[in-house]
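Structure first, then comments.
Each chain gets a letter, A, B and so on, in the order the sequences are listed, and its residues count up from 1.
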2 protein chains.
Amino acid sequence: MSEQRTTQSSAIIGALRQQLNSQTLAAGNKLPAERELADLFDTTRITVKEALHHLEAEGLIYREERRGWFVSRPRLVYNPVSRSHFHALVAAQQRVATTRVLSCETVLAPAELVSDMALAPLSRLTRICRLRSIDRRPVLYTEHYLIPEYFPAIGEQDLSQSLTRLYEHQYGLRYGRSRFDICPTAARGEAARALSLAEGSPVLAVTRINYDQQGRIIDCDREIWRHDAVRIRIDSQEPAFSG
Amino acid sequence: MSEQRTTQSSAIIGALRQQLNSQTLAAGNKLPAERELADLFDTTRITVKEALHHLEAEGLIYREERRGWFVSRPRLVYNPVSRSHFHALVAAQQRVATTRVLSCETVLAPAELVSDMALAPLSRLTRICRLRSIDRRPVLYTEHYLIPEYFPAIGEQDLSQSLTRLYEHQYGLRYGRSRFDICPTAARGEAARALSLAEGSPVLAVTRINYDQQGRIIDCDREIWRHDAVRIRIDSQEPAFSG
DNA sequence: GAGTGGTCTAGACCACCTT
DNA sequence: AGGTGGTCTAGACCACTCG
(Lines give C-alpha, C1' and ligand atoms only; values in the text may rest on other atoms or scores of the structure.)
Protein backbone atom coordinates (compact mmCIF):
# COMPACT_ATOMS: atom_id res chain seq x y z
CA MET A 1 0.00 0.00 0.00
CA SER A 2 3.08 2.25 0.05
CA GLU A 3 1.64 5.32 -1.70
CA GLN A 4 5.12 6.49 -2.72
CA ARG A 5 8.53 5.29 -1.67
CA THR A 6 10.47 8.35 -0.62
CA THR A 7 13.29 8.44 -3.07
CA GLN A 8 15.31 11.60 -3.33
CA SER A 9 13.81 12.35 -6.68
CA SER A 10 10.24 11.97 -5.39
CA ALA A 11 11.15 14.31 -2.52
CA ILE A 12 12.25 16.90 -5.07
CA ILE A 13 9.11 16.32 -7.09
CA GLY A 14 7.00 16.81 -3.97
CA ALA A 15 8.80 19.98 -2.94
CA LEU A 16 8.53 21.51 -6.39
CA ARG A 17 4.93 20.44 -6.75
CA GLN A 18 4.11 22.25 -3.53
CA GLN A 19 5.82 25.42 -4.74
CA LEU A 20 3.89 25.16 -7.99
CA ASN A 21 0.54 24.63 -6.27
CA SER A 22 1.07 27.51 -3.88
CA GLN A 23 2.01 29.75 -6.80
CA THR A 24 5.35 30.45 -5.16
CA LEU A 25 6.51 29.34 -8.57
CA ALA A 26 3.95 31.01 -10.81
CA ALA A 27 3.11 30.36 -14.45
CA GLY A 28 5.87 31.56 -16.77
CA ASN A 29 8.54 31.77 -14.05
CA LYS A 30 11.92 30.24 -14.64
CA LEU A 31 13.04 27.52 -12.28
CA PRO A 32 16.50 27.65 -10.68
CA ALA A 33 19.26 26.04 -12.75
CA GLU A 34 19.71 22.30 -12.51
CA ARG A 35 23.04 22.71 -10.71
CA GLU A 36 21.46 25.10 -8.25
CA LEU A 37 18.62 22.66 -7.55
CA ALA A 38 21.19 19.87 -7.09
CA ASP A 39 22.95 21.97 -4.42
CA LEU A 40 19.66 22.92 -2.84
CA PHE A 41 18.56 19.32 -2.45
CA ASP A 42 22.09 18.08 -1.82
CA THR A 43 22.15 15.68 -4.72
CA THR A 44 23.45 15.39 -8.29
CA ARG A 45 22.18 16.86 -11.51
CA ILE A 46 21.06 13.47 -12.80
CA THR A 47 18.68 13.04 -9.90
CA VAL A 48 17.38 16.57 -10.35
CA LYS A 49 16.87 15.93 -14.05
CA GLU A 50 14.93 12.79 -13.19
CA ALA A 51 12.53 14.85 -11.09
CA LEU A 52 12.23 17.60 -13.69
CA HIS A 53 11.45 15.09 -16.43
CA HIS A 54 8.70 13.72 -14.24
CA LEU A 55 7.06 17.11 -13.78
CA GLU A 56 7.53 17.77 -17.48
CA ALA A 57 5.68 14.57 -18.34
CA GLU A 58 2.83 15.73 -16.13
CA GLY A 59 2.81 19.01 -17.98
CA LEU A 60 3.56 21.19 -14.96
CA ILE A 61 6.85 22.54 -16.28
CA TYR A 62 8.59 22.69 -19.64
CA ARG A 63 12.04 23.11 -21.09
CA GLU A 64 13.46 25.42 -23.63
CA GLU A 65 16.64 24.04 -25.12
CA ARG A 66 19.61 25.30 -23.15
CA ARG A 67 17.58 28.15 -21.75
CA GLY A 68 16.16 26.49 -18.70
CA TRP A 69 13.00 25.14 -17.12
CA PHE A 70 9.80 27.16 -16.84
CA VAL A 71 6.44 26.84 -15.15
CA SER A 72 3.70 25.86 -17.61
CA ARG A 73 0.68 28.05 -18.18
CA PRO A 74 -2.83 26.62 -18.15
CA ARG A 75 -3.54 24.34 -21.09
CA LEU A 76 -5.45 25.70 -24.04
CA VAL A 77 -8.81 23.98 -24.31
CA TYR A 78 -9.09 22.96 -27.94
CA ASN A 79 -11.87 21.30 -29.88
CA PRO A 80 -10.47 20.10 -33.21
CA VAL A 81 -13.93 19.15 -34.44
CA SER A 82 -15.41 22.62 -34.08
CA ARG A 83 -12.78 24.23 -36.34
CA SER A 84 -12.71 27.47 -34.44
CA HIS A 85 -9.96 29.75 -35.66
CA PHE A 86 -6.78 29.60 -33.61
CA HIS A 87 -6.56 33.32 -32.93
CA ALA A 88 -10.21 33.54 -31.92
CA LEU A 89 -9.92 30.47 -29.71
CA VAL A 90 -6.86 31.78 -27.91
CA ALA A 91 -8.36 35.24 -27.49
CA ALA A 92 -11.50 33.70 -26.00
CA GLN A 93 -9.28 32.20 -23.30
CA GLN A 94 -7.70 35.57 -22.49
CA ARG A 95 -4.40 34.77 -24.14
CA VAL A 96 -2.46 36.29 -26.99
CA ALA A 97 -1.92 34.31 -30.20
CA THR A 98 0.67 34.84 -32.91
CA THR A 99 1.35 32.94 -36.12
CA ARG A 100 4.60 32.84 -38.06
CA VAL A 101 4.76 31.37 -41.55
CA LEU A 102 7.90 29.25 -41.83
CA SER A 103 7.62 28.13 -45.41
CA CYS A 104 5.31 27.57 -48.36
CA GLU A 105 6.56 25.38 -51.16
CA THR A 106 5.71 22.56 -53.52
CA VAL A 107 7.00 19.19 -52.40
CA LEU A 108 6.78 15.56 -53.33
CA ALA A 109 3.94 14.00 -51.35
CA PRO A 110 5.30 12.08 -48.34
CA ALA A 111 4.70 8.34 -48.69
CA GLU A 112 2.17 8.06 -45.88
CA LEU A 113 0.07 10.86 -47.34
CA VAL A 114 -0.04 9.21 -50.76
CA SER A 115 -2.10 6.42 -49.26
CA ASP A 116 -4.00 8.50 -46.68
CA MET A 117 -5.04 11.06 -49.28
CA ALA A 118 -5.50 8.53 -52.10
CA LEU A 119 -2.99 10.31 -54.37
CA ALA A 120 -1.22 9.06 -57.45
CA PRO A 121 2.36 8.01 -56.62
CA LEU A 122 4.89 10.84 -56.94
CA SER A 123 2.17 13.47 -56.69
CA ARG A 124 3.17 16.96 -55.70
CA LEU A 125 1.55 18.91 -52.89
CA THR A 126 1.79 22.46 -51.63
CA ARG A 127 3.18 22.42 -48.11
CA ILE A 128 2.66 25.32 -45.72
CA CYS A 129 4.59 25.20 -42.43
CA ARG A 130 3.65 27.54 -39.63
CA LEU A 131 4.52 28.11 -36.00
CA ARG A 132 1.88 29.34 -33.60
CA SER A 133 2.46 30.83 -30.18
CA ILE A 134 0.40 31.62 -27.14
CA ASP A 135 1.63 34.45 -24.94
CA ARG A 136 4.85 34.45 -26.99
CA ARG A 137 5.58 30.80 -26.28
CA PRO A 138 5.65 28.53 -29.36
CA VAL A 139 3.16 25.75 -28.72
CA LEU A 140 1.99 24.48 -32.09
CA TYR A 141 3.82 23.56 -35.28
CA THR A 142 1.58 22.90 -38.28
CA GLU A 143 2.09 21.49 -41.74
CA HIS A 144 -0.71 21.83 -44.28
CA TYR A 145 -0.53 19.76 -47.45
CA LEU A 146 -2.83 21.11 -50.16
CA ILE A 147 -3.87 19.69 -53.50
CA PRO A 148 -2.20 22.33 -55.72
CA GLU A 149 -4.94 22.37 -58.38
CA TYR A 150 -7.48 23.71 -55.93
CA PHE A 151 -5.27 26.50 -54.60
CA PRO A 152 -3.56 28.38 -57.41
CA ALA A 153 -1.05 31.04 -56.33
CA ILE A 154 -1.77 30.51 -52.65
CA GLY A 155 1.82 31.50 -51.89
CA GLU A 156 0.88 35.09 -52.65
CA GLN A 157 -1.79 35.18 -49.97
CA ASP A 158 -1.39 36.15 -46.33
CA LEU A 159 -0.85 32.72 -44.78
CA SER A 160 -0.65 33.87 -41.19
CA GLN A 161 -4.41 34.14 -41.00
CA SER A 162 -6.83 31.25 -40.67
CA LEU A 163 -6.41 28.97 -43.68
CA THR A 164 -10.00 27.83 -43.30
CA ARG A 165 -11.12 31.38 -43.86
CA LEU A 166 -8.74 31.78 -46.79
CA TYR A 167 -10.00 28.60 -48.43
CA GLU A 168 -13.53 29.85 -48.23
CA HIS A 169 -13.11 33.51 -49.11
CA GLN A 170 -10.42 33.18 -51.74
CA TYR A 171 -11.09 29.78 -53.26
CA GLY A 172 -14.73 29.15 -52.45
CA LEU A 173 -13.91 25.85 -50.75
CA ARG A 174 -15.69 24.83 -47.58
CA TYR A 175 -14.96 21.83 -45.47
CA GLY A 176 -17.37 18.93 -45.45
CA ARG A 177 -16.42 15.94 -43.36
CA SER A 178 -12.99 15.34 -41.86
CA ARG A 179 -11.08 12.54 -40.25
CA PHE A 180 -8.94 13.25 -37.18
CA ASP A 181 -6.17 11.20 -35.69
CA ILE A 182 -4.86 12.14 -32.28
CA CYS A 183 -1.68 10.41 -31.32
CA PRO A 184 0.77 10.97 -28.45
CA THR A 185 4.29 10.71 -29.81
CA ALA A 186 7.72 12.40 -29.72
CA ALA A 187 9.00 15.55 -31.42
CA ARG A 188 11.51 15.07 -34.21
CA GLY A 189 13.30 17.15 -36.80
CA GLU A 190 11.76 20.37 -38.01
CA ALA A 191 8.90 20.31 -35.50
CA ALA A 192 11.28 19.86 -32.57
CA ARG A 193 13.48 22.72 -33.73
CA ALA A 194 10.59 25.07 -34.40
CA LEU A 195 9.08 24.41 -30.98
CA SER A 196 12.54 24.63 -29.39
CA LEU A 197 11.99 21.18 -27.94
CA ALA A 198 14.66 18.59 -27.35
CA GLU A 199 14.42 15.73 -29.85
CA GLY A 200 12.22 13.09 -28.30
CA SER A 201 10.14 15.36 -26.09
CA PRO A 202 6.54 14.22 -25.81
CA VAL A 203 4.06 15.96 -28.09
CA LEU A 204 0.51 15.46 -29.25
CA ALA A 205 0.12 14.94 -32.99
CA VAL A 206 -3.24 15.78 -34.54
CA THR A 207 -3.59 14.74 -38.17
CA ARG A 208 -6.63 15.75 -40.13
CA ILE A 209 -7.78 14.79 -43.61
CA ASN A 210 -10.30 17.26 -44.94
CA TYR A 211 -12.95 16.78 -47.57
CA ASP A 212 -14.91 19.55 -49.20
CA GLN A 213 -18.66 19.59 -49.40
CA GLN A 214 -18.57 17.45 -52.55
CA GLY A 215 -16.56 14.78 -50.75
CA ARG A 216 -13.27 15.53 -52.54
CA ILE A 217 -10.11 15.47 -50.46
CA ILE A 218 -8.78 19.02 -50.45
CA ASP A 219 -6.00 19.01 -47.90
CA CYS A 220 -4.39 17.34 -44.95
CA ASP A 221 -2.93 19.04 -41.95
CA ARG A 222 -0.60 17.85 -39.26
CA GLU A 223 -0.49 19.69 -35.98
CA ILE A 224 2.26 19.06 -33.47
CA TRP A 225 1.32 20.44 -30.06
CA ARG A 226 3.60 20.74 -27.08
CA HIS A 227 2.04 18.11 -24.87
CA ASP A 228 1.62 20.37 -21.87
CA ALA A 229 0.02 23.23 -23.78
CA VAL A 230 -3.27 21.68 -24.78
CA ARG A 231 -6.28 19.77 -23.60
CA ILE A 232 -8.70 18.46 -26.19
CA ARG A 233 -12.36 18.84 -25.38
CA ILE A 234 -15.15 17.42 -27.48
CA ASP A 235 -18.86 17.61 -26.81
CA SER A 236 -20.83 14.83 -28.40
CA GLN A 237 -24.48 15.48 -28.88
CA GLU A 238 -25.71 12.02 -29.69
CA PRO A 239 -23.94 8.73 -29.23
CA ALA A 240 -23.73 6.49 -32.28
CA PHE A 241 -26.15 3.89 -31.05
CA SER A 242 -28.75 6.05 -29.35
CA GLY A 243 -31.03 6.19 -32.35
CA MET B 1 20.63 22.42 -41.49
CA SER B 2 22.28 19.66 -39.40
CA GLU B 3 19.56 17.02 -39.53
CA GLN B 4 20.90 15.31 -36.44
CA ARG B 5 24.18 15.70 -34.61
CA THR B 6 25.55 12.23 -34.16
CA THR B 7 25.65 11.82 -30.46
CA GLN B 8 26.12 8.35 -29.07
CA SER B 9 22.56 8.23 -27.95
CA SER B 10 21.25 9.19 -31.38
CA ALA B 11 23.45 6.48 -32.88
CA ILE B 12 21.82 3.96 -30.56
CA ILE B 13 18.39 5.32 -31.43
CA GLY B 14 19.17 4.97 -35.13
CA ALA B 15 20.48 1.44 -34.80
CA LEU B 16 17.49 0.30 -32.77
CA ARG B 17 15.05 2.09 -35.05
CA GLN B 18 16.49 0.19 -37.99
CA GLN B 19 16.12 -3.12 -36.21
CA LEU B 20 12.55 -2.22 -35.35
CA ASN B 21 11.67 -1.19 -38.91
CA SER B 22 13.19 -4.31 -40.41
CA GLN B 23 11.25 -6.44 -37.92
CA THR B 24 14.51 -7.92 -36.68
CA LEU B 25 13.04 -6.76 -33.40
CA ALA B 26 9.40 -7.72 -33.87
CA ALA B 27 6.33 -6.59 -31.93
CA GLY B 28 6.23 -8.10 -28.47
CA ASN B 29 9.93 -9.07 -28.42
CA LYS B 30 12.04 -8.21 -25.43
CA LEU B 31 15.04 -5.97 -25.99
CA PRO B 32 18.45 -6.91 -24.57
CA ALA B 33 19.08 -5.72 -21.02
CA GLU B 34 20.28 -2.15 -20.53
CA ARG B 35 23.70 -3.38 -19.36
CA GLU B 36 23.97 -5.60 -22.41
CA LEU B 37 23.11 -2.71 -24.74
CA ALA B 38 25.67 -0.54 -22.95
CA ASP B 39 28.34 -3.17 -23.67
CA LEU B 40 27.14 -3.59 -27.23
CA PHE B 41 27.42 0.12 -27.96
CA ASP B 42 30.44 0.57 -25.72
CA THR B 43 28.86 3.17 -23.50
CA THR B 44 27.18 3.50 -20.11
CA ARG B 45 23.71 2.60 -18.94
CA ILE B 46 22.71 6.24 -18.59
CA THR B 47 23.33 6.88 -22.25
CA VAL B 48 21.44 3.73 -23.21
CA LYS B 49 18.55 4.78 -20.99
CA GLU B 50 18.51 8.15 -22.72
CA ALA B 51 18.05 6.44 -26.07
CA LEU B 52 15.43 4.03 -24.76
CA HIS B 53 13.42 6.88 -23.24
CA HIS B 54 13.45 8.56 -26.62
CA LEU B 55 12.04 5.52 -28.41
CA GLU B 56 9.56 5.09 -25.58
CA ALA B 57 8.32 8.66 -26.07
CA GLU B 58 7.79 7.89 -29.74
CA GLY B 59 5.80 4.83 -28.77
CA LEU B 60 8.06 2.31 -30.49
CA ILE B 61 9.03 0.47 -27.31
CA TYR B 62 7.72 0.27 -23.76
CA ARG B 63 8.87 -0.69 -20.32
CA GLU B 64 7.50 -3.01 -17.74
CA GLU B 65 8.78 -2.17 -14.30
CA ARG B 66 11.89 -4.17 -13.55
CA ARG B 67 11.03 -6.67 -16.26
CA GLY B 68 12.64 -5.03 -19.23
CA TRP B 69 11.96 -3.23 -22.49
CA PHE B 70 9.66 -4.57 -25.18
CA VAL B 71 8.71 -3.75 -28.74
CA SER B 72 5.31 -2.04 -28.95
CA ARG B 73 2.47 -3.54 -30.92
CA PRO B 74 0.41 -1.46 -33.34
CA ARG B 75 -1.72 1.16 -31.63
CA LEU B 76 -5.40 0.45 -31.06
CA VAL B 77 -7.50 2.82 -33.14
CA TYR B 78 -10.09 4.18 -30.73
CA ASN B 79 -13.01 6.51 -31.23
CA PRO B 80 -14.21 7.66 -27.81
CA VAL B 81 -17.23 9.37 -29.34
CA SER B 82 -18.65 6.26 -30.96
CA ARG B 83 -18.81 4.34 -27.65
CA SER B 84 -18.06 1.02 -29.19
CA HIS B 85 -17.53 -1.65 -26.57
CA PHE B 86 -13.92 -2.30 -25.72
CA HIS B 87 -14.02 -6.03 -26.35
CA ALA B 88 -15.78 -5.63 -29.69
CA LEU B 89 -13.39 -2.87 -30.75
CA VAL B 90 -10.32 -4.90 -29.93
CA ALA B 91 -11.70 -8.03 -31.59
CA ALA B 92 -12.43 -6.03 -34.75
CA GLN B 93 -8.72 -5.23 -34.90
CA GLN B 94 -7.74 -8.91 -34.61
CA ARG B 95 -6.55 -8.62 -31.04
CA VAL B 96 -7.60 -10.25 -27.79
CA ALA B 97 -9.14 -8.15 -25.01
CA THR B 98 -9.45 -8.96 -21.33
CA THR B 99 -10.92 -6.96 -18.45
CA ARG B 100 -10.12 -7.36 -14.77
CA VAL B 101 -12.21 -5.66 -12.11
CA LEU B 102 -9.89 -4.18 -9.50
CA SER B 103 -12.43 -2.75 -7.10
CA CYS B 104 -15.97 -1.50 -6.67
CA GLU B 105 -16.71 0.62 -3.64
CA THR B 106 -18.41 3.73 -2.34
CA VAL B 107 -16.06 6.67 -1.92
CA LEU B 108 -16.16 10.34 -1.10
CA ALA B 109 -16.35 12.28 -4.36
CA PRO B 110 -12.92 13.66 -5.33
CA ALA B 111 -12.84 17.45 -5.19
CA GLU B 112 -12.48 17.99 -8.94
CA LEU B 113 -15.49 15.80 -9.66
CA VAL B 114 -17.67 17.70 -7.21
CA SER B 115 -17.43 20.72 -9.49
CA ASP B 116 -17.28 18.85 -12.82
CA MET B 117 -20.33 16.77 -11.97
CA ALA B 118 -22.14 19.56 -10.12
CA LEU B 119 -22.42 17.51 -6.91
CA ALA B 120 -23.18 18.63 -3.38
CA PRO B 121 -19.97 18.87 -1.32
CA LEU B 122 -19.07 15.62 0.45
CA SER B 123 -21.25 13.57 -1.89
CA ARG B 124 -20.57 9.88 -2.16
CA LEU B 125 -20.03 8.08 -5.45
CA THR B 126 -19.65 4.46 -6.47
CA ARG B 127 -16.20 3.94 -7.91
CA ILE B 128 -15.42 1.01 -10.19
CA CYS B 129 -11.75 0.47 -11.08
CA ARG B 130 -10.82 -1.85 -13.90
CA LEU B 131 -7.77 -2.89 -15.86
CA ARG B 132 -8.05 -3.75 -19.51
CA SER B 133 -5.50 -5.62 -21.58
CA ILE B 134 -4.86 -6.24 -25.23
CA ASP B 135 -3.02 -9.45 -26.12
CA ARG B 136 -2.33 -9.88 -22.37
CA ARG B 137 -0.61 -6.53 -22.05
CA PRO B 138 -2.34 -4.07 -19.67
CA VAL B 139 -3.00 -0.91 -21.66
CA LEU B 140 -5.96 0.84 -20.05
CA TYR B 141 -6.84 1.65 -16.46
CA THR B 142 -10.36 2.97 -15.92
CA GLU B 143 -12.21 4.53 -13.03
CA HIS B 144 -15.95 4.97 -13.30
CA TYR B 145 -17.70 7.22 -10.79
CA LEU B 146 -21.44 6.57 -10.66
CA ILE B 147 -24.24 8.44 -8.96
CA PRO B 148 -25.22 5.73 -6.46
CA GLU B 149 -28.97 6.44 -6.55
CA TYR B 150 -29.19 5.44 -10.20
CA PHE B 151 -27.31 2.17 -9.79
CA PRO B 152 -28.54 0.21 -6.75
CA ALA B 153 -26.61 -2.97 -5.95
CA ILE B 154 -24.34 -2.61 -8.96
CA GLY B 155 -21.60 -4.36 -7.01
CA GLU B 156 -23.48 -7.62 -7.48
CA GLN B 157 -23.36 -7.41 -11.26
CA ASP B 158 -20.68 -8.71 -13.57
CA LEU B 159 -18.55 -5.60 -13.98
CA SER B 160 -16.06 -7.06 -16.43
CA GLN B 161 -18.50 -6.60 -19.27
CA SER B 162 -19.33 -3.30 -20.96
CA LEU B 163 -20.75 -0.93 -18.38
CA THR B 164 -22.67 0.88 -21.10
CA ARG B 165 -24.52 -2.32 -21.82
CA LEU B 166 -25.08 -2.95 -18.11
CA TYR B 167 -26.49 0.55 -17.60
CA GLU B 168 -28.97 0.01 -20.35
CA HIS B 169 -30.02 -3.57 -19.77
CA GLN B 170 -30.04 -3.58 -15.99
CA TYR B 171 -30.90 0.00 -15.12
CA GLY B 172 -32.66 1.29 -18.21
CA LEU B 173 -30.23 4.20 -18.53
CA ARG B 174 -28.95 5.29 -21.93
CA TYR B 175 -26.39 7.90 -22.65
CA GLY B 176 -27.41 11.21 -24.14
CA ARG B 177 -24.69 13.77 -24.67
CA SER B 178 -21.20 13.55 -23.21
CA ARG B 179 -18.22 15.78 -22.72
CA PHE B 180 -14.73 14.42 -23.39
CA ASP B 181 -11.39 15.74 -22.27
CA ILE B 182 -8.26 14.27 -23.78
CA CYS B 183 -5.09 15.25 -22.03
CA PRO B 184 -1.51 13.98 -22.31
CA THR B 185 -0.09 13.64 -18.82
CA ALA B 186 1.94 11.31 -16.57
CA ALA B 187 0.96 8.14 -14.74
CA ARG B 188 0.71 8.35 -10.98
CA GLY B 189 -0.34 6.17 -8.08
CA GLU B 190 -2.88 3.42 -8.62
CA ALA B 191 -2.97 3.82 -12.39
CA ALA B 192 0.81 3.56 -12.69
CA ARG B 193 0.88 0.43 -10.54
CA ALA B 194 -1.98 -1.25 -12.36
CA LEU B 195 -0.41 -0.59 -15.75
CA SER B 196 3.01 -1.59 -14.37
CA LEU B 197 4.35 1.76 -15.46
CA ALA B 198 7.04 3.71 -13.71
CA GLU B 199 5.66 6.79 -11.92
CA GLY B 200 5.83 9.65 -14.36
CA SER B 201 5.57 7.64 -17.57
CA PRO B 202 3.59 9.44 -20.26
CA VAL B 203 -0.05 8.43 -20.61
CA LEU B 204 -3.15 9.72 -22.32
CA ALA B 205 -5.99 10.61 -19.96
CA VAL B 206 -9.51 10.58 -21.37
CA THR B 207 -12.14 11.97 -19.01
CA ARG B 208 -15.78 11.76 -19.90
CA ILE B 209 -18.83 13.20 -18.21
CA ASN B 210 -21.96 11.40 -19.30
CA TYR B 211 -25.53 12.61 -19.30
CA ASP B 212 -28.56 10.43 -19.82
CA GLN B 213 -31.25 11.15 -22.35
CA GLN B 214 -32.99 13.48 -19.91
CA GLY B 215 -29.82 15.52 -19.50
CA ARG B 216 -29.04 14.29 -15.97
CA ILE B 217 -25.41 13.55 -15.17
CA ILE B 218 -25.22 9.83 -14.55
CA ASP B 219 -21.56 9.09 -14.32
CA CYS B 220 -18.03 10.14 -15.09
CA ASP B 221 -15.23 7.94 -16.26
CA ARG B 222 -11.53 8.42 -16.36
CA GLU B 223 -9.47 6.33 -18.72
CA ILE B 224 -5.70 6.19 -18.44
CA TRP B 225 -4.15 4.75 -21.59
CA ARG B 226 -0.54 3.76 -22.05
CA HIS B 227 0.49 6.46 -24.47
CA ASP B 228 1.92 4.09 -27.05
CA ALA B 229 -1.07 1.77 -27.12
CA VAL B 230 -3.68 4.02 -28.64
CA ARG B 231 -4.49 6.37 -31.46
CA ILE B 232 -7.70 8.34 -31.28
CA ARG B 233 -9.65 8.63 -34.49
CA ILE B 234 -12.74 10.74 -34.90
CA ASP B 235 -14.80 11.22 -38.03
CA SER B 236 -16.70 14.46 -38.09
CA GLN B 237 -19.63 14.59 -40.42
CA GLU B 238 -20.38 18.27 -40.37
CA PRO B 239 -18.22 21.10 -39.15
CA ALA B 240 -19.82 23.48 -36.68
CA PHE B 241 -20.02 26.43 -39.04
CA SER B 242 -20.91 24.73 -42.29
CA GLY B 243 -24.64 25.29 -41.90
C1' DG C 1 32.43 35.17 -21.48
C1' DA C 2 29.29 33.44 -18.26
C1' DG C 3 25.50 30.59 -17.66
C1' DT C 4 22.56 26.96 -19.11
C1' DG C 5 21.13 22.49 -20.42
C1' DG C 6 22.90 18.28 -23.34
C1' DT C 7 25.73 14.55 -23.12
C1' DC C 8 28.71 11.31 -21.03
C1' DT C 9 31.91 8.34 -17.76
C1' DA C 10 32.45 4.46 -14.48
C1' DG C 11 31.06 2.91 -11.31
C1' DA C 12 27.48 1.60 -6.89
C1' DC C 13 23.48 -0.33 -4.10
C1' DC C 14 18.56 -1.40 -3.93
C1' DA C 15 13.83 -3.38 -4.92
C1' DC C 16 11.45 -6.26 -7.44
C1' DC C 17 10.60 -10.15 -10.82
C1' DT C 18 11.59 -14.62 -12.54
C1' DT C 19 13.11 -19.24 -12.02
C1' DA D 1 19.59 -16.80 -6.38
C1' DG D 2 20.34 -14.29 -10.25
C1' DG D 3 18.78 -10.90 -13.45
C1' DT D 4 16.40 -6.66 -14.33
C1' DG D 5 15.44 -1.90 -14.12
C1' DG D 6 15.29 2.09 -10.45
C1' DT D 7 18.05 5.15 -8.23
C1' DC D 8 22.18 7.51 -7.18
C1' DT D 9 27.25 9.49 -6.81
C1' DA D 10 30.71 12.88 -8.31
C1' DG D 11 32.40 14.38 -11.35
C1' DA D 12 33.54 15.99 -16.80
C1' DC D 13 33.36 18.40 -21.42
C1' DC D 14 30.47 20.35 -25.11
C1' DA D 15 27.00 23.37 -27.59
C1' DC D 16 24.16 26.83 -27.37
C1' DT D 17 21.99 31.29 -25.56
C1' DC D 18 22.25 35.63 -23.69
C1' DG D 19 23.91 39.95 -22.11
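Contact annotation: A:Lys49 side-chain N/O to C:dT7 OP1/OP2 distance is not under 4.0 Å. Residue B:Thr43 has a polar side-chain atom (N or O) positioned under 4.0 Å from OP1 or OP2 of C:dT9. Between B:Thr44 and the phosphate of C:dG11, there is no side-chain N or O to OP1/OP2 separation shorter than 4.0 Å. Between B:Gln8 and C:dT9 there is a side-chain N or O to OP1 or OP2 distance below 4.0 Å.
Between B:Glu34 atom CD and C:dA10 atom P the separation is 18 Å, expressed in whole Å. In this entry the distance linking CD1 of A:Ile61 with C1' of C:dG5 reads 13 Å, nearest Å. We find that CG of A:Leu197 is positioned 14 Å from C1' of C:dG5, with the value rounded to whole Å. Rounded to whole angstrom, the span from the CG atom of A:Asp42 across to the P atom of D:dT7 amounts to 19 Å. Atom NZ in A:Lys30 sits roughly 14 Å away from atom P in D:dT17 (whole-Å rounding). Between B:Trp69 atom CH2 and D:dG3 atom C1' the separation is 17 Å, expressed in whole Å. The separation between B:Ile12 atom CD1 and C:dT7 atom C1' is 11 Å, rounded to whole Å. Whole-Å rounding puts the A:Phe41 CZ to D:dC8 P distance at 13 Å.
Rounding to the nearest 0.5 Å gives a distance of 11.5 Å between OH of B:Tyr145 and CD1 of B:Ile128.
Ionic pairing of B:Glu58 and A:Arg188 is present here: one or more N-O contacts between side-chain nitrogen and carboxylate oxygen are shorter than 4.0 angstrom. Between A:Glu50 and B:Lys49 there is no salt bridge, since none of the side-chain N atoms of the basic residue sits less than 4.0 Å from a carboxylate O of the acidic one.
Map B:Glu36 and A:Arg67 each onto its nearest nucleotide of DNA chain D; the residue landing nearer the 5' end is B:Glu36. For the pair B:Ile46 and B:Glu50, nearest-nucleotide mapping onto DNA chain C gives the more 5' position to B:Glu50.
Among the atoms of the strands shown, none is found under 4.0 Å from any heavy atom of A:Glu64. Across all strands, B:Arg45 comes closer than 4.0 Å to base atoms (heavy-atom distances). Here B:Arg63 lies in heavy-atom contact (under 4.0 Å) with sugar-phosphate atoms only.
Side-chain to base pairing of A:Arg35 with C:dG3: no donor and acceptor N or O lie closer than 3.5 Å to each other. At a cut-off of 3.5 angstrom, the base of C:dG3 holds no donor-acceptor pair with the side chain of A:Arg66.
Figure legend: cation-pi geometry between B:Arg137 and B:Tyr62, with NZ or CZ positioned under 6.0 Å from the six-membered ring centre and within 45° of its axis.
Between the side chains of B:His87 and B:Thr99, at least one donor-acceptor pair of N or O atoms lies under 3.5 Å.
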